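One structure is given here, and the rest of the page talks about it.
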Amino acid sequence: MKSYDHKRIEKKWQSYWEKKKLNVAKVNSKKKKFYGLIEFPYPSGDGLHVGHIRSNTAMDIIARKRRAEGNEVLYPIGWDAFGLPTENYAIKTGIQPAIVTKKNTDTFRRQLKALGFSFDWSREINTTDPEYYKWTQWIFLKFLEKGLAYKKKMAINWCPKDKTGLANEEVVDGCCERCGTPVEKREKEQWMLAITKYADRLDRDLDPKRVLIGTRNSAKVKMIKACFAGVVGISLITFDDIPPVDDSKLVEGDDFLENAKKKSEFYFKATGIPTISTDHILWIDKWPENKGFMVHLRKHANPSSERATDEEVVVFLKNFLKGVGGESKANFHYGIAYTDENGTFVREEVPANYILQDKVQAKSYWPGYPTEALLKDSKTGVFKADQSDDVRYVRIAMMFKKHFVPRMLGDKTAIDYLEKIRIQQKNWIGKSHGINITYPIDGFKKTVTIFTTRPDTNFGATFIALAPDGAFVKENLEHFPNKKEVSVYIEQVNKRTDIERLAEGRKKTGVFTGLYAVNSLNNRKMPMYVADFVLGGVGTGALVGVPGHDMRDFEFAQEMKLEIVRVVVGPDGDVSPITKKEQVQEDTGTMINSEFLNGTDIHEATKKIMEYMEEKGYGKKITTFKLRDWIFSRQRYWGEPIPVIHCQKCGAVAVPEKDLPVKLPNVKNYLPTDTGESPLAVIENWVNVKCPKCKGPAKRETDTMPNWAGSSWYYLRYADSKNKREFASAKALKYWTPVDWYNGGMEHTTLHLLYSRFWHKFLFDLKLVPTSEPYLKRTSHGLILGEGGAKMSKSVGNVVNPDTLIEQFGADTLRLYEMFMGPFDQHIAWSTESMIGPRRFLEKVWRLFEKTQNVNSKSQKRKRSKITNSKLETLLHKTIKKVGDDIEATRFNTAVSSMMILANEMDKEEEVSIKNYEIFLRLLAPFTPHITDELWHMLSHKKSIHLESWPSFDLLIMTSAFENLIIQINGKVRGRLSVEADISEEEAKAKILMLPEITKWLDGKEIKKIIYVKGRIVNIVL
RNA sequence: GCCGGAGUGGCGGAAUUGGUAUACGCACACGACUCAAAAUCGUGCGGGGAAACCCAUGAGAGUUCAAGUCUCUCCUCCGGCACCA
């Protein structure tokens, strides 16, 4: 046998798969679809980064597993090729960005193909291709048409180095996200996209639906939770998660279906949260006289007690079965009821979960195996409780998924984002509920409106603070009694940058306007200040100061020597005047000095006073967001031209659809200008056009779109990438979208991910896409850092080159190492040294082939006739389950390690059966596609291993006949004992108490109790 | 400051969710094969101790028959937001 030589086999299989079109997604497939997506790379001049490989391999494994599971899989690839690095390179070298892009994509394509990713290359896209950006522009025109794209003169973030405006999302710590230069404010006309119109939906649709588990029985809670495993978009909560519920008045009857209904209705009424409840009953068929018979198991098993124990149930059933005859079937019937937010309930019965059968047909009882199942062993006649929840709940879980989950979700597209992604997006959108309060101003014709989330403390309000750039100041400055001082102050403020202000430690400054607002609650006159800690863009650009209960207001009050009133008393009981910042009671406590609010909790008081103020007409409840509209224009060359023509007569006119795409013209000089105009502005024969409306002289818009435009919808184009008439056909979109699983970087959570959700919802409203969310599941990978833990960069010199690694170790080893190196979602430092481990493993897998070749027919036969499963087979089936589960949970590192364990065990055997070896290869194939296909063909298969189905595990083989009991004395391990899996508790205890290593500890001591956990542990307490 | 996440050998990291702490891999040491080396295989590898045993999961307390896992207090690191009213 030849030795493992990756160079000989990898190229060969890559071209074989390509020739056989193994990875091309079929157009009219009858199969269930799976759409796996990775963020399409920006083809930089540096070539492929090992970080790309981590993400791509992970999704490749998932895609290959899905194919093996019988899905039609779309795993596409393309290029997000507009952007600054290419443009800057063009400026330096004078080479056209289009040519640079072509060169870079060629390199990336070659590198990606060398790694054996199962991309469907036939759908490759490129955002800089006019055939592609035609549709980016087309979607922009839709925004324009619906009034969601608009032009506005405003102060924007300007990067003086890149010489372009930036979106809020692109400014990090006051600096340009891309180049780190401190950003400046510039007043400029900008194209904006009204993402704030979608803020509420972008926030709300991130939340799963909350459903209460309406039972206090921990076994049932556990069961329902287990049944909902893998269900997306529903968050199950228990009584622990909500304020106490009094259910002493809940009365249950004898009918299990009715009980389930009663419970769900009762708890819904008590909590207002949609509630699911279950009840069950034991049902004996064919007895007596072929009539059904219901048994309240817990009651019948021990009538004198409230709840019989499991053991009592077993004894009861054993006797019961004797009485009714061996052929009887007994099963649990489950009644499940769900009461939704409207108070209407639905209920279903889950029938026929066979739990007792005399003639045990191994395969037949598994699918419907219920909770609290009891199984009679055909040989010994011993009943035993089964432990495997996955199997026990299968049928009930199916019932939940089929009948209840759709009802719970309604028309909501349920999404499953990694929790930290969800939270980060919510933070960024920054939804908050509050109230706009309007105060009259003493001796002034106008009123002032402020926004607050804490109106409960309004009796303690002592001042008003206005933003220097806020609307109130702009409109009324002329009439301020102290307008001179205010103007000087505003001038000072405008001179300072954000960074300077941060450096000063946010010292509060301000100036009195000479005006007093009047608090309608208590007629207090509140001096009005202009202060730069108030931001023009937040709320109404004005706030009411409650220095006793807001740290920032307190600091300002101290600076300005303003009055401080206490209206909340905290848990410390301090009611003295507030003079120190330690006394500022912010988010807990009870109201005082607040008239009708006195004595109420602050949260209760907030609700109460909001109602009160609305009723009195002092204020109006409102929801605000931190999210700002998206600044959509860039003053650079290498982006999609914004398809608008400015006409002196008609104003901004959309380029007619038939004239799309507006192609980027070739220019000589890509250099951005200091005037804030795009380099396109100087190309006269491109800029000067006729107005599409009046045919008069007009000029093209010379700003281009940001990098995020093309990537906001690219996953839709993959569905139908060659379509010339539409961005994608409705039919293709209906089949392929939404994306089932999207993996990408954390850095895109508030940029790309938010933007594309926005575009998608917009297209959904136009009925151009079938769902309201683009991605069902979003995971993210951790960064790969350089050796030593610093970020990989050319300047540090710690960049690793995939080409070298593929040459030296092979693509399979590189893929496997990146999956094995550590937890997928965590950052990790590169270590070329550690690659040897995965390589040795593959060599071992290669050598194992020989152990399958000298198995003579006799021993193959002998193996098959064995009754008990060999240890290896048990391990094999456990590994099948583990690898599958781990892939789904993106625990690739432990998936690999479990396959290493299996290979080590196989290696210890004299010979390995072809059957087992083949299963092993099929498990490994998604990770290392080349070596496994080679070995597969060496085993005389004619077709590719990647056309094989995903191995299934057999629970009977997985469950070992023997279990290792750990024996503890007072919690310390003192021994272990291998016992038969179905040994009874008494037998096990008896055996253990005879072991010499145990008896020596018991000498002369009294055993207080013995804890017995089946199949796991025995703890003797002395 | 607020919101997340994490802290386990020399290193990357496991631990069926409360049940054998340190799986798997790297590095290291010794042995076998070899003239030799590489590769491969085998053995060892948290600390203390001759051993029996004892002590160890950032620190300290608590709940429990049993805690890396749950609860509280604190420390450190990473990520996000940050004068958001």
Side-chain angles (χ1 to χ4, degrees), chain A residues 3 172-173 387-389 418-428 430-432 434-435 450-455 465 467 501-502 506-508 531-535 537-546 550-553 555-556 586-587 624-627 746-747 749-750 782-783 816-817 820-823 825-841 843-844 847 878 881-882 885 891 893-904 907 964-976 1000 1008-1013 1015-1022:
Chain A
S3 65
V172 177
D173 294 329
Q387 294 282 327
S388 172
D389 293 346
L418 219 59
E419 188 61 7
K420 60 177 173 179
I421 297 174
R422 202 178 74 87
I423 289 167
Q424 272 187 32
Q425 279 220 358
K426 285 188 84 89
N427 282 345
W428 188 263
K431 185 175 181 172
S432 63
I435 184 165
I450 60 91
F451 172 75
T452 181
T453 55
R454 292 293 306 279
R501 244 193 286 178
L502 283 175
R506 288 175 184 157
K507 197 163 136 39
K508 301 285 181 293
D532 71 343
F533 77 84
V534 188
L535 307 175
V538 176
T540 61
L543 63 84
V544 61
V546 184
D550 182 292
M551 196 53 81
R552 184 201 50 207
D553 294 353
E555 285 169 11
F556 186 72
E586 290 192 292
D587 38 38
T624 61
F625 298 91
K626 282 201 240 180
L627 188 69
M746 254 341 260
E747 68 275 21
T749 301
T750 53
L783 244 50
L816 196 66
Y817 166 65
F820 181 62
M821 65 194 299
D825 57 350
Q826 278 170 40
H827 297 184
I828 199 157
W830 184 264
S831 164
T832 303
E833 190 183 65
S834 298
M835 282 185 70
I836 192 71
R839 170 70 195 200
R840 282 181 190 148
F841 164 70
E843 277 163 8
K844 185 175 287 173
R847 286 196 312 270
K878 278 185 174 166
K881 180 169 191 319
K882 176 144 181 70
D885 291 350
R891 287 185 305 242
N893 54 333
T894 49
V896 175
S897 95
S898 68
M899 288 189 287
M900 284 173 168
I901 293 168
L902 179 60
N904 289 347
D907 200 32
N964 234 359
L965 275 184
I966 305 304
I967 307 156
Q968 295 183 335
I969 292 169
N970 285 338
K972 290 204 165 130
V973 180
R974 296 300 182 194
R976 56 208 70 204
K1000 75 173 182 187
K1008 286 206 187 104
K1009 74 174 157 181
I1010 298 177
I1011 312 281
Y1012 179 81
V1013 182
R1016 287 203 185 151
I1017 211 154
V1018 179
N1019 191 7
I1020 303 167
V1021 187
L1022 298 179

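Given the structure is predicted, the values throughout are model-derived calculations rather than measurements. Any value given below was found using the heavy atoms of this structure, including those in side chains, with hydrogens, waters and symmetry copies removed. Labels below follow one simple rule: chain letters A, B, ... track the order of the sequence lines, proteins then strands, and each chain is numbered from 1.
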Seminar exercise, completed: Among B:rC24, B:rC26, B:rU20, the one nearest any side-chain atom of A:Ser897 is B:rC24

Exercise. Choosing from B:rA21, B:rG13, B:rC24, which nucleotide comes nearest the side chain of A:Pro823?
Worked result: B:rG13

Exercise. Among B:rG19, B:rC41, B:rC84, which is the nearest nucleotide to the side chain of A:Arg847?
Worked result: B:rC41

Problem set entry | Spacing between A:Glu586 atom CD and B:rC83 atom P, to the nearest angstrom | 15 Å

Exercise. Are any side-chain N or O atoms of A:Gln424 and backbone N or O atoms of A:Thr750, one a donor and one an acceptor, separated by less than 3.5 Å?
Worked result: no

For this session: Please work out if A:Ile450 contacts a base, only the sugar-phosphate, or nothing of the nucleic acid, heavy-atom cut-off 4.0 Å.
Result: nothing

For this session: Would you classify A:Glu419 as touching base, sugar-phosphate or nothing, given that sugar-phosphate means primed atoms plus P, OP1 and OP2, and contacts are heavy atoms under 4.0 Å?
Result: nothing

Exercise. Within 45° of the six-membered ring axis of A:Phe556 and under 6.0 Å from that ring's centre, is NZ or CZ of A:Lys508 located there?
Worked result: no

For this session: May I have the distance from A:Met551 (atom CE) to B:rC83 (atom C1'), rounded to whole angstrom?
Result: 13 Å

For this session: Report yes if a side-chain nitrogen or oxygen of A:Lys1009 is closer than 4.0 Å to either non-bridging phosphate oxygen (OP1 or OP2) of B:rC65; otherwise report no.
Result: yes

Problem set entry | Rounded distance in Å - CD1 (A:Ile1017) to C1' (B:rU16) | 13 Å

Problem set entry | B:rG25 pairs with, by Watson-Crick or G-U criteria that keep both distances under 3.5 Å | B:rC11

Exercise. Are A:Arg839 and A:Glu843 ion-paired here, with the side-chain N under 4.0 Å from a carboxylate O?
Worked result: yes

Exercise. Have A:Asn427 and A:Lys626 got a donor and an acceptor in their side chains that come within less than 3.5 Å?
Worked result: no

For this session: With a 3.5 angstrom cut-off on both distances, give the Watson-Crick or G-U wobble partner of B:rA51, or none if there isn't one.
Result: none

Seminar exercise, completed: Any strand, both distances under 3.5 Å, Watson-Crick or G-U wobble: B:rA66 pairs with none

Seminar exercise, completed: Across every strand shown, the nucleotide meeting Watson-Crick or G-U wobble geometry with B:rA37 (both distances under 3.5 Å) is none

For this session: Please state the C1' separation for the pair B:rA27 and B:rG9 - nearest whole angstrom.
Result: 12 Å

Exercise. B:rA56 and B:rG68: how far apart are their P atoms, nearest whole angstrom?
Worked result: 10 Å

Seminar exercise, completed: Of B:rG19, B:rA85, B:rA27, the nucleotide closest to the side chain of A:Phe451 is B:rA85

For this session: Select one nucleotide: of B:rG79, B:rC65, B:rU20, the one nearest the side-chain heavy atoms of A:Val973.
Result: B:rU20

Exercise. So what does A:Asn893 hit on the nucleic acid, given a heavy-atom distance under 4.0 Å: a base, only sugar-phosphate, or nothing?
Worked result: sugar-phosphate

Seminar exercise, completed: Closest of B:rA85, B:rC65, B:rG13 to the A:Val538 side chain is B:rA85

Exercise. Which sits closer to the 5' end of RNA chain B, A:Pro838 or A:Gly539, going by the nucleotide each is nearest to?
Worked result: A:Pro838

Exercise. For B:rC30, which nucleotide in any strand shown is its Watson-Crick or wobble partner with both distances under 3.5 Å?
Worked result: B:rG42

For this session: Using a 4.0 Å heavy-atom cut-off across all strands, classify A:Ile423 as base, sugar-phosphate, or nothing.
Result: sugar-phosphate

Exercise. So which nucleotide from B:rC26, B:rG12, B:rA85 ends up closest to the side chain of A:Phe820?
Worked result: B:rG12

Problem set entry | Nearest to side-chain heavy atoms of A:Lys420, which nucleotide of B:rC26, B:rG4, B:rU20 | B:rG4

Exercise. Does A:Arg422 come within less than 4.0 Å of A:Glu419, counting only side-chain N to carboxylate O?
Worked result: yes

Seminar exercise, completed: note: A:Gln826, atom CD; B:rU8, atom C1'; distance rounded to Å ~ 13 Å

Exercise. At under 4.0 Å between heavy atoms, what does A:Asp553 touch on the DNA or RNA strands: base, sugar-phosphate, or nothing?
Worked result: nothing

Problem set entry | Inter-nucleotide C1' distance (B:rA59, B:rU8), Å rounded | 15 Å

For this session: Determine the Euclidean distance between corresponding C1' atoms of B:rA85 and B:rC74; express it in Å to zero decimal places.
Result: 32 Å

For this session: Flag the pair A:Phe841 / A:Tyr817 as yes when at least one side-chain heavy-atom distance between them is below 4.5 Å, and no otherwise.
Result: no

Problem set entry | Quiz item: A:Asn1019 side-chain donor-acceptor pair to B:rC65 base, under 3.5 Å | yes

Exercise. Taking atom P of B:rC84 as reference, at what distance in whole Å does atom CG of A:Asn427 sit?
Worked result: 13 Å

Problem set entry | Under-3.5 Å donor-acceptor pair between A:Arg454 side chain and B:rA85 base | no

Exercise. Base, sugar-phosphate alone, or nothing: which one does A:Arg840 contact when heavy atoms must sit under 4.0 Å apart?
Worked result: sugar-phosphate

Exercise. Under 4.0 angstrom, heavy atoms only, what part of the nucleic acid is A:Ile836 near: base, sugar-phosphate, or nothing?
Worked result: sugar-phosphate

Exercise. If we take the P atom in both B:rC24 and B:rG46, what is their distance in whole Å?
Worked result: 13 Å

Exercise. What integer distance in Å separates A:Ile967:CD1 from B:rG19:C1'?
Worked result: 14 Å

Problem set entry | B:rU57 versus B:rG47 - spacing of their P atoms, nearest Å | 15 Å

Seminar exercise, completed: Partner of B:rA6 under the Watson-Crick or G-U wobble criteria, both distances under 3.5 Å, comes out as B:rU76

Exercise. Is A:Lys972 near enough to B:rC55 that one of its side-chain N or O atoms lies under 4.0 angstrom from OP1 or OP2?
Worked result: yes

Problem set entry | Sugar-phosphate, base or nothing in reach of A:Thr894, heavy atoms under 4.0 Å | sugar-phosphate

Exercise. Do A:Glu586 side-chain atoms and A:Met551 backbone N/O form a donor-acceptor pair below 3.5 Å?
Worked result: yes

For this session: Using a heavy-atom cut-off of under 4.0 Å over every strand shown, decide if A:Arg974 touches base, sugar-phosphate, or nothing.
Result: sugar-phosphate

Exercise. Over how many whole Å does the gap from A:His827 atom NE2 to B:rG13 atom C1' extend?
Worked result: 17 Å

For this session: Nearest whole angstrom, please: distance from the C1' of B:rU17 to the CZ of A:Arg1016.
Result: 9 Å

Exercise. Mind checking the P distance from B:rA14 to B:rC33? Whole angstroms is fine.
Worked result: 39 Å

Problem set entry | Side-chain-base donor-acceptor pair under 3.5 Å for A:Lys508 and B:rC83 | yes

For this session: Quote, to the nearest angstrom, the P distance that separates B:rC70 from B:rA6.
Result: 9 Å

Exercise. From the list B:rG12, B:rC83, B:rU20, which nucleotide is the closest neighbour of the side chain of A:Ile966?
Worked result: B:rU20

Exercise. Starting at the 5' end of RNA chain B, which residue's closest nucleotide do you reach first, A:Ser432 or A:Lys844?
Worked result: A:Lys844

For this session: Any strand is fair game: report the nucleotide pairing with B:rU71 by Watson-Crick or G-U wobble, both distances under 3.5 Å, or none.
Result: B:rA61

